[in-house]
Structures are given as C-alpha cells and as structure tokens.
Protein chains: 2
Amino acid sequence: MARRERGGQPEQSSPVTLADIAKLAGVSPVTVSRAINTPSLVKPNTLEAIQRIIARTGYVPNLLAGGLASRRTRLVAAIVPSVSSTIFAEAIEGLNAELVAEGYQLLLGLSGYDHQRELELTRAILARRPDGIILTGITHLKETRSMLTGAGLPIVEIWDSTPSPLDTAVGFSHYDVGVLVAEYLMAKGYDRYAQIGANDPRALQRRDGFINRLASVAPVELPDIEMNSPSTFSDGRQALAQLLDRGGGSLAVFGSSDVVAHGALTEAIARGRRMPEDVAIIGFGDFDFAPHTYPSLTTVRIDRRMIGTQAARSILRKLSGEEVEPMIKIGFEIVVRHSA
Amino acid sequence: MARRERGGQPEQSSPVTLADIAKLAGVSPVTVSRAINTPSLVKPNTLEAIQRIIARTGYVPNLLAGGLASRRTRLVAAIVPSVSSTIFAEAIEGLNAELVAEGYQLLLGLSGYDHQRELELTRAILARRPDGIILTGITHLKETRSMLTGAGLPIVEIWDSTPSPLDTAVGFSHYDVGVLVAEYLMAKGYDRYAQIGANDPRALQRRDGFINRLASVAPVELPDIEMNSPSTFSDGRQALAQLLDRGGGSLAVFGSSDVVAHGALTEAIARGRRMPEDVAIIGFGDFDFAPHTYPSLTTVRIDRRMIGTQAARSILRKLSGEEVEPMIKIGFEIVVRHSA
DNA sequence: TGATAAAATGGAAGCGCTTTCATTTTTCGG
DNA sequence: CCGAAAAATGAAAGCGCTTCCATTTTATCA
C-alpha cells in the first residue's frame with residue numbers, strides 16, 4: 001500500500017535521507033553525519049562535496065531519527081499558564097532567543113493555571129524527550145514532580161523563589177514584593193489598606209507579604225468578590241467600588257496585577273477621588289500601558305524577559321555539564337508614578 | 001562508557017521501554033503498542049494488565065521512536081513574529097487549545113518579522129517532521145516556499161488574505177481594513193487625513209487601502225519618521241506631534257496598531273486638542289487597553305483567537321483527509337469609542 | 001625514507017517504536 | 001460439537017540516524 005497521503009499536497013515529502021546523500025557523494029553515511037554535526041572532523045574537500053549535494057537535493061535531516069539515536073533532541077519545553085497575558089510572553093521571548101542562539105527549539109505548553117493540565121502536559125512533553133524543561137511556579141502535583149525528577153533532565157522552575165527547587169529555579173520572592181509594597185504605602189500613611197486580585201499561588205504570596213507587613217499598622221481589607229487568575233480590569237473596578245462603598249478614610253490598594261490595578265484606578269477617577277491623596281493604587285508587573293493610564297500607574301517592575309533568559313542559560317549550562325546555582329534571584333523595584 | 005550524564009540529576013532517566021512493559025506483561029511489544037494507541041484491538045483483560053504495569057513502572061512512551069516509525073509526530077509548528085505583542089499571542093492560544101484537544105503539541109518559532117529568520121526556523125522545524133505548519137503572513141522567501149511545498153505537509157498562512165495560498169490560509173484583507181477605516185473617517189469629514197505606523201507588509205496593506213480609498217478626497221499625509229515593526233507608543237506620539245506642527249485644519253489619523261494610536265492620542269490630549277472634533281484617531285487591533293485610554297480608543301477589532309482556532313482546524317481536517325477551503329476569511333469591524 | 005602518530009573514513013549495531021502479514025485463539029451459527 | 005469467520009496476538013523488518021570501534025589514509029619526524 002502506498003504511504004499515507006498527508007495534506008492535500010502532491011506527496012513528495014522529502015524522501016531524501018542521509019544514506020542518499022552518502023551514496024551521491026560516494027562516501028559512507030557516517031561521513032555525511034559528521035559533515036553535518038562535526039564538520040571539523042571531515043576533510044575540507046569531502047565536506048564541500050557533501051555540502052554541495054545537500055544543497056542541491058534540499059536534504060533536511062530527520063531530527064527524530066537523530067534524537068532517537070543520540071538521545072539528544074535539542075528541544076526545550078516550557079509550560080506557562082498563558083501567553084496572551086504579556087507577563088509570561090516576554091519570558092518566553094527571552095527564553096526562546098537564548099535557545100535559538102544555541103540551536104535549540106522551544107516546545108510550548110499552556111497550562112492555564114491548572115495543575116492537572118500541567119501534569120498532562122508534562123507527560124506529553126516528556127514523551128518527546130526534551131533536553132530540558134521549564135515550568136512556571138513551584139507548586140506542582142506530586143505526580144508531576146515524580147515524573148519530572150524520574151526523567152533525569154534539567155528542570156527550571158520560574159517566577160518564584162524557593163529554597164528547594166526540583167532542580168533549579170529562576171525568580172523572585174513574591175512575599176517580599178508584598179512586603180516592599182506595604183512598606184512603601186505605610187511610609188506615606190493611609191487610613192485603610194486593601195489588596196485586590198487574582199488567586200494564583202504567586203498572587204497569594206504577594207498578598208500575604210503585604211498583609212503580614214502591615215499587621216502591626218492596620219488590618220488589610222479584602223473585597224468580597226470572587227476572582228480567578230488572571231484577574232481582569234472589571235474585577236478591579238468592581239473591587240474598588242465595593243471598597244469605597246464601605247466608607248472610611250483614605251485608602252491604599254495593592255493590586256495583584258497592573259490590569260486589575262488599572263480597573264481600580266479607573267473606578268477611583270470615575271468617582272472623582274484624588275490620587276494619590278484619597279486613594280492610592282499600586283499594581284504589579286509594569287505592563288506597557290502602566291505609564292499611560294490616567295493617572296499613570298505606580299507599580300512593581302520585574303525584568304520578565306530576564307527570567308526567560310536566565311532559565312535558558314541554566315538549562316544550557318547544565319547540558320554542557322557546568323554547575324548552576326539552584327536558585328537564581330531576579331530583582332524587582334517599585335516604579336513610582338502618579339497613582340501612589 | 002556510561003551514558004552521558006544529563007542535568008545534575010542522578011541519572012535514572014526512564015530507561016523503561018515498550019519492550020520492558022511487554023516482558024512484564026507477558027505479551028509481545030506489538031500488543032503493548034496497540035494497548036496504547038488502539039486499545040479497542042486488545043482484549044479487555046490484557047489491556048487492563050498492560051495498563052496496570054504502565055502505571056506501576058511510570059513508563060512514558062518515546063514519541064521520537066514512535067514518530068520515526070509511524071511518520072506521524074502529532075506535532076504542529078507555528079512561526080509568528082512575536083508573542084509578547086498580544087496580537088499573535090491570542091492566535092497562539094486559540095491554536096494551542098484546538099491542537100491539545102486532539103492530542104497534538106505546539107512547536108513555537110519566533111521570527112521577529114525577519115524573513116531570513118523565518119527561513120532558518122522553517123528548516124529547523126521541518127527537521128522535526130511536524131504534521132503541519134503555520135506561518136504568519138503571505139510573503140516568504142522563495143527558498144522558504146520551495147522547502148515548504150517540497151515537504152508535503154499541510155501549511156496554513158495566517159493573518160492575511162490571498163487568492164493563492166501556499167496551501168491554505170486563514171485571515172482577512174488588510175487592504176479592505178484600510179478602505180473601511182477611510183470610509184468611516186470620510187463620512188465624518190476632516191480637513192486632513194494621515195496614516196502612521198509600522199512597516200510590515202500587513203500594515204502597509206492597510207495603509208494602501210486607506211490611501212487609495214481617500215485618493216479622490218484628499219492626499220493622505222505620512223509623518224517623516226522611521227518606524228519599524230512593531231511600532232511603539234512613542235513612535236505614535238512623535239508622529240502626531242510632527243503632523244500637528246505642520247499646522248492645518250482638523251486631522252484624522254489611522255494608526256497601524258492600537259499602541260501607536262495610543263501614543264498619538266496622548267500627544268493630542270497633551271496639546272489640548274478636542275477629540276474627535278479637532279483630532280480623530282483610530283487604531284487597529286482592539287487591544288485590552290483600548291477601552292480604557294483617555295479618551296477611549298476607536299479601533300478595528302479582529303477575532304484574533306479565532307485565527308488560531310481556524311488554522312488548527314484547517315490542519316487537523318487536512319490530516320484526517322477532509323477537504324479544506326483554501327482561504328478562510330475572518331471578519332473585522334470598527335469599534336466606535338471616543339477617539340474617532 | 002621508514003616508522004609512528006594523527007587524521008579521515010567506514011562497518012555494524014542499535015536507539016524504541018510501528019508496520020505488515022502471518023498465526024493463533026475465540027466466537028458462533030447450524 | 002464442527003467449521004468458518006472474526007478477534008487477538010505475534011514475528012520480523014525497518015523508520016533514519018548516531019555510536020563505538022576498527023581500518024585506512026595522510027602528515028610528521030628522526
């Protein structure tokens with residue numbers, strides 16, 4: 001029976017193999033393999049002849065076969081919650097840039113903040129035998145963890161700080177971000193403090209840091225609104241409405257992301273509150289739009305791209321046998337604008 | 001010699017293979033293969049026994065080997081210019097969702113609007129023998145095209161409209177977008193018309209549609225500022241400054257993206273112009289922030305996610321041997337807000 | 001120029017799976 | 001309870017490459 005037809009194209013799928021090239025060049029397959037992977041081991045004439053034939057025939061090596069034989073796929077997988085939320089997208093870009101430069105490719109998995117999906121993705125990804133894998137966060141299902149450690153490949157957990165990574169981690173302490181924001185707002189002095197936003201583990205860490213640091217000063221209010229991750233503009237707007245409806249004096253709010261903070265800010269303005277005197281709002285992420293809101297949004301900046309870059313480097317270093325420090329910390333800072 | 005150490009993990013890389021499972025279950029490898037891929041062909045008892053052993057051993061099939069033997073990788077690749085610009089990120093999400101549901105995975109390539117890089121990515125991707133590939137745009141290097149068509153796999157070009165796709169396309173006519181915007185602004189009547197923005201092929205198409213439709217009414221002014229793709233907030237701000245400095249009556253501006261339009265809008269407000277009376281600005285993309293700028297941004301909305309969804313469907317249909325219409329059009333519409 | 005080391009090349013085996021085709025087992029109507 | 005058809009299973013080959021080791025060729029030095 002003929003080979004399966006694929007697509008609607010006339011089936012002319014590059015059936016040229018390394019063996020074909022070898023035959024055409026009058027050398028053995030091994031030599032062609034070397035010409036491609038370790039050209040320095042091939043005599044210049046031979047090399048050139050082989051390269052000419054490769055170019056002429058349009059030969060594209062089969063990395064499935066190569067990977068199977070060599071146990072190296074030059075594939076690195078990354079699982080992030082989402083890619084449309086900018087926040088992870090930039091890390092992906094940094095990651096990808098670094099990987100491509102070293103001849104690796106990126107296999108992407110989107111978990112949508114769902115641990116079960118993360119597990120399934122992990123299994124599917126591991127089946128492709130990537131040379132390394134990057135996960136978001138430090139909380140994973142037990143099954144995911146054992147599968148991962150059993151696979152014996154470099155692992156990087158990003159976006160979080162932990163003393164005990166699965167293997168290696170690149171990120172920062174979300175708790176400390178909360179503390180920093182609390183201190184910043186405390187110093188300015190407000191009557192009430194509140195936190196609004198998402199419910200993913202990292203957002204909750206930031207909240208805890210915020211709450212605990214403020215514990216001696218005032219209780220931190222939380223709006224009574226269900227929010228999932230990622231939280232939205234309208235979540236923020238509603239949340240602030242509710243907080244303001246409760247009455248009371250000046251209010252300082254820490255939003256779990258710039259998006260939710262922007263919503264809150266919009267509600268404050270709509271109600272004619274003065275910022276940052278009556279209401280102060282501080283976001284997280286320093287998104288593109290943060291400098292351009294009205295009033296401009298004070299927020300916490302993280303070098304998101306660097307997270308990806310460092311994650312890639314950790315993996316590449318491990319693959320070349322170098323030592324890698326298990327926890328690489330990424331800095332953060334408050335960007336002071338007009339909203340707080 | 002011992003196998004190469006990978007990562008810093010104790011090397012215990014799942015050395016359990018399908019053959020091991022077969023041995024443990026007392027069946028032949030073929031039967032295990034069937035238990036995994038076509039369980040309906042295996043007797044219930046046998047199936048259950050095999051599944052138990054797979055679970056117990058933590059066996060993860062090797063898709064490299066499987067793909068090599070079956071010539072199906074369950075891998076779909078996508079090349080987009082960038083993923084941090086929201087605009088493509090959402091298409092990627094739609095694409096991924098559809099693929100994952102059918103057991104496929106996404107291999108991502110970022111070209112950065114660079115055709116040469118697109119070519120290199122294409123080569124690297126084809127080497128992994130994906131079952132289908134998605135490219136952005138309809139302009140590719142000749143070499144890319146021939147490599148692609150020679151590979152004999154389903155191809156989808158997204159984000160653009162064309163009567164002659166490489167294989168299949170999902171998108172819309174950027175030229176028509178320009179025409180629509182021109183008509184919208186013409187109907188409101190302005191003294192001057194201008195276009196500002198990026199220089200990628202699609203942005204230029206939109207510009208051409210805009211210019212040509214307005215040709216009978218007025219010449220379209222272009223600022224004298226170099227802009228690359230993607231264009232930025234400050235590009236827009238500068239561009240509008242230059243246009244306003246030229247003097248003249250009321251001005252209507254079409255920005256190549258909401259980002260650049262937002263910059264223009266900010267400049268207009270900073271100069272105290274009334275919108276949309278003195279200055280009208282219309283963007284493209286309906287980004288998250290568009291409803292929340294001050295004044296809110298009138299723009300063109302495209303269902304970006306749907307582009308990804310349809311692209312995935314085209315490929316999946318082709319793979320299952322169904323006919324697919326070569327050009328799937330995605331609609332667009334003007335979202336009227338306060339800026340125009 | 002011959003011996004020796006270094007550089008180039010090749011043969012054979014096998015990575016872990018699926019395919020094809022053959023064989024065995026089960027089912028079922030008469 | 002037999003024979004034919006259907007269901008279940010298996011043997012062998014091979015997907016396209018890399019690895020290890022052996023062999024051949026070339027360069028180098030005394």
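All chains are named by letter (A, B, ...) in the order of the sequence lines, taking the proteins before the strands, and each is independently numbered beginning at 1.
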**Residues forming a side chain to side chain donor-acceptor pair (under 3.5 Å) with A:S146, sequence neighbours excluded** =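 With neighbours one apart ignored, the set is empty.
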**Asked** Who passes side chain to side chain donor-acceptor pair (under 3.5 Å) against A:Q310, sequence neighbours left out?
**Response**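 Applying side chain to side chain donor-acceptor pair (under 3.5 Å) to A:Q310 gives none.
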Rounding to a whole Å, what distance do you find between [X]:[atom1] and [N]:[atom2]?
X      : N      : atom1 : atom2 : result
A:R74  : D:dC17 : CZ    : P     : 17 Å
A:R129 : C:dG16 : CZ    : C1'   : 9 Å
A:R72  : C:dC15 : CZ    : P     : 19 Å
A:L18  : C:dG14 : CG    : P     : 20 Å
B:L68  : C:dT18 : CG    : C1'   : 10 Å
A:N45  : C:dA7  : CG    : P     : 17 Å
B:N62  : D:dC17 : CG    : P     : 17 Å
B:L41  : D:dG10 : CG    : C1'   : 14 Å

**Item:** Heavy-atom closest pair, residues A:P130 and A:T73
**Value:**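 The pair with the smallest heavy-atom distance is CA-OG1, 3.5 Å.
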**Audit row: B:T162, B:D160, side chain to side chain contact (heavy atoms under 4.5 Å, CB included) steps and yes/no** = CA-CA 7 Å; B:T162 170; B:D160 237 317; 5.9 Å; no
Detail all sub-3.5 Å separations between protein N/O atoms and N/O atoms belonging to nucleotides 23-28 of chain D.
none

**Prompt:** When you measure from the side chain of A:R129 to the backbone N and O of A:L126, does any donor-acceptor pair fall under 3.5 Å?
**Reply:**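 A pair under 3.5 Å: yes.
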**Message:** Any residue in residues 27-38 of chain B with a heavy atom nearer than 4.0 angstrom to DNA chain C? Just list them by number, or reply none.
**Reply:**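 Listed by number, they are B:V30, B:S33, B:N37.
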**Prompt:** For the helix from C:dT1-D:dA30 to C:dG30-D:dC1, how many degrees between its two end axes (five pairs per end), to the nearest 10°?
**Reply:**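 If I round to tens, the end axes sit 20° apart.
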**Message:** If we check side chain to side chain donor-acceptor pair (under 3.5 Å) with A:S320, which of these qualifies: A:E322, A:R317, A:K318?
**Reply:**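 Running side chain to side chain donor-acceptor pair (under 3.5 Å) over A:E322, A:R317, A:K318 with A:S320 returns exactly one hit, A:E322.
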For the side chain of [X], starting at C-beta, report the closest nucleotide among [options].
X     : options                : value
B:T46 : C:dT9, C:dG16, D:dT9   : D:dT9
A:V42 : C:dT19, C:dT9, D:dT18  : C:dT9
A:R71 : D:dC17, C:dC15, D:dC15 : C:dC15

**Check: B:R128/A:Q105 side-chain N/O donor and acceptor closer than 3.5 Å** =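 Distance-only check passes for B:R128 and A:Q105.
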**Message:** Quick one, B:R202 with B:T136, criterion side chain to side chain contact (heavy atoms under 4.5 Å, CB included). Give me CA distance, side-chain angles, the key distance, then yes/no.
**Reply:** CA-CA 10 Å; B:R202 288 174 292 287; B:T136 307; 3.7 Å; yes
**Message:** Under the criterion side chain to side chain contact (heavy atoms under 4.5 Å, CB included), I'd like the reasoning laid out for A:L316 against A:V76: C-alpha separation, chi angles, the key distance, then a yes or no.
**Reply:** CA-CA 10 Å; A:L316 295 173; A:V76 169; 5.7 Å; no
**Request:** Using a 4.5 Å cut-off on heavy atoms from C-beta on, say whether the side chain of B:I50 contacts that of B:L47.
**Result:**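 They are not in contact (no side-chain heavy atoms under 4.5 Å apart), so the answer is no.
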**Request:** Using a cut-off of strictly less than 4.0 Å, decide whether A:Y59 has a side-chain nitrogen or oxygen near OP1 or OP2 of D:dC17.
**Result:**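 A:Y59 to D:dC17 OP1/OP2: side-chain N or O found under 4.0 Å.
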**Prompt:** Of all residues at least two apart in sequence or in a different chain, which pass the ring pair (Phe, Tyr, Trp, His ring centres under 6.0 Å) check with B:Y104?
**Reply:**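 Partners of B:Y104 under the ring pair (Phe, Tyr, Trp, His ring centres under 6.0 Å) test: none.
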**Request:** Start with the C-alpha gap between A:R313 and A:T309, add the side-chain angles, then the distance that decides, and say whether side chain to side chain contact (heavy atoms under 4.5 Å, CB included) holds.
**Result:** CA-CA 6 Å; A:R313 286 189 190 149; A:T309 307; 3.6 Å; yes
